[in-house]
Engineer: 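Have a look at this one before I ask anything.
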Amino acid sequence: MERTFAIIKPDAVKAGKAGQILARIASAGFTVRAMRLQHLSRREAEGFYAVHAARPFFGELTDFMSSGPCVLLCLEAPGAILKWRDTMGATDPAKAAEGTLRRDFGTSIGNNATHGSDAPETAAFELGYFFRGMEL
Ligand code: ATP
Ligand code: MG
């Protein structure tokens, strides 16, 4: 079993799509191990995306991630990290494969509906950033 960290981003929550995305998470075979609705502060979003601090889109990204509540999730499945990346699809919804969450719920590369950890080390950092041991 493996765990990964996922976010239903503010665009999807605002559009009322969180329920549909959670249903897709369940039907894809993930078990939800922890879940919380949280409106991130600008500083919390900056800390989370610190690896992107030098990127030109960092301001836009952290504005967006702190623009409304997110659903924060710990998902568990065999090979959860890659499996969740596959379920989400490519970063840019216009390039995401048919049947993926970003294709169905994302509207632009910035407003792309979901986040997923990209490696075991980032999953460990991201789960620890948002969830206490007791919650997991
Ligand atoms: P995430 O980390 O959110 O799961 P990702 O791993 O597919 O997405 P990253 O390269 O880590 O992609 O980029 C983080 C986020 O920054 C993307 O999800 C996207 O919302 C935003 N982003 C990436 N590239 C751009 C860009 N060129 N312009 C605007 N926003 C971007
Ligand atoms: Mg990423």
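Start at 1 and go down the list; that is how both ligands and their atoms are numbered.
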Engineer: When you measure from the centre of the six-membered ring of Phe64, is the NZ or CZ of Lys9 under 6.0 Å away and within 45° of the axis?
Structural biologist: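 Output no; distance or angle outside limits.
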Engineer: To check your reading of the model: name the closest protein heavy atom to atom 12 (O) of ligand 1, its residue, and the distance in Å.
Structural biologist: Thr91 OG1, 3.5 Å
Engineer: Report the C-alpha distance between Glu126 and Ser117 in whole Å, list the side-chain angles of each, state the deciding distance to 0.1 Å, and finish with yes or no for side chain to side chain donor-acceptor pair (under 3.5 Å).
Structural biologist: CA-CA 7 Å; Glu126 293 175 357; Ser117 308; 2.7 Å; yes
Engineer: Can you label the angle between the Phe5 ring and the His115 ring as parallel, tilted or perpendicular, going by 30° and 60°?
Structural biologist: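 It falls in the tilted class, 30° to 60°.
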Engineer: If you measure from atom 6 (O) of ligand 1 to every heavy atom of Arg85, His115, Glu60, which option wins on shortest distance?
Structural biologist: Arg85
Engineer: Any salt bridge between Arg33 and Glu135, counting N to O under 4.0 Å?
Structural biologist: no
Engineer: Quick test of your reading of the structure: of Phe48, Phe57, Phe64, whose heavy atom lies closest to atom 16 (O) of ligand 1?
Structural biologist: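 When every heavy atom of Phe48, Phe57, Phe64 is considered, Phe57 comes closest to atom 16 (O) of ligand 1.
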Engineer: Calculate, to the nearest 0.5 Å, the distance between atoms CG and NZ belonging to Asn111 and Lys14 respectively.
Structural biologist: 8.5 Å
Engineer: Would you say Ile8 and Leu22 make side-chain contact, with heavy atoms under 4.5 Å?
Structural biologist: yes
Engineer: For ligand 1, which atoms, with element, lie under 4.0 Å from some heavy atom of Gly116?
Structural biologist: 4 (O)
Engineer: To which protein heavy atom is atom 8 (O) of ligand 1 closest, and what is the distance rounded to 0.1 Å?
Structural biologist: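 Protein heavy atom with the smallest distance to atom 8 (O) of ligand 1: Arg102 NH2, 3.2 Å.
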Engineer: Could you identify the single nearest non-hydrogen protein atom to atom 19 (C) of ligand 1 and state the distance to 0.1 Å?
Structural biologist: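 Checked against all protein heavy atoms, atom 19 (C) of ligand 1 sits closest to Ile109 O, 3.1 Å.
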Engineer: Check each atom of ligand 1 against the heavy atoms of Leu61 and keep those under 4.0 Å away; list them by number with element.
Structural biologist: 15 (C), 16 (O), 21 (C)
Engineer: Side chain to side chain donor-acceptor pair (under 3.5 Å) for Arg42 and Ser66? Distances and angles first, verdict last.
Structural biologist: CA-CA 5 Å; Arg42 179 71 189 248; Ser66 56; 5.1 Å; no
Engineer: Within a distance under 4.0 Å of any heavy atom of Asn112, pick out the atoms of ligand 1 and give their elements.
Structural biologist: 17 (C), 18 (O), 19 (C), 20 (O)
Engineer: As an exercise, identify every atom of ligand 1 less than 4.0 angstrom from a heavy atom of Lys9.
Structural biologist: 3 (O), 18 (O), 20 (O)
Engineer: How far is atom 3 (O) of ligand 1 from its nearest protein heavy atom, and which residue and atom is that?
Structural biologist: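 Among all protein heavy atoms, the one nearest atom 3 (O) of ligand 1 is Tyr49 OH, 2.8 Å.
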Engineer: For the pair Asp104 and Arg24, find out whether any cationic side-chain nitrogen is under 4.0 Å from an anionic carboxylate oxygen.
Structural biologist: yes
Engineer: In the protein, what heavy atom is nearest to atom 10 (O) of ligand 1, and what distance, to one decimal place, separates them?
Structural biologist: His52 CE1, 3.9 Å
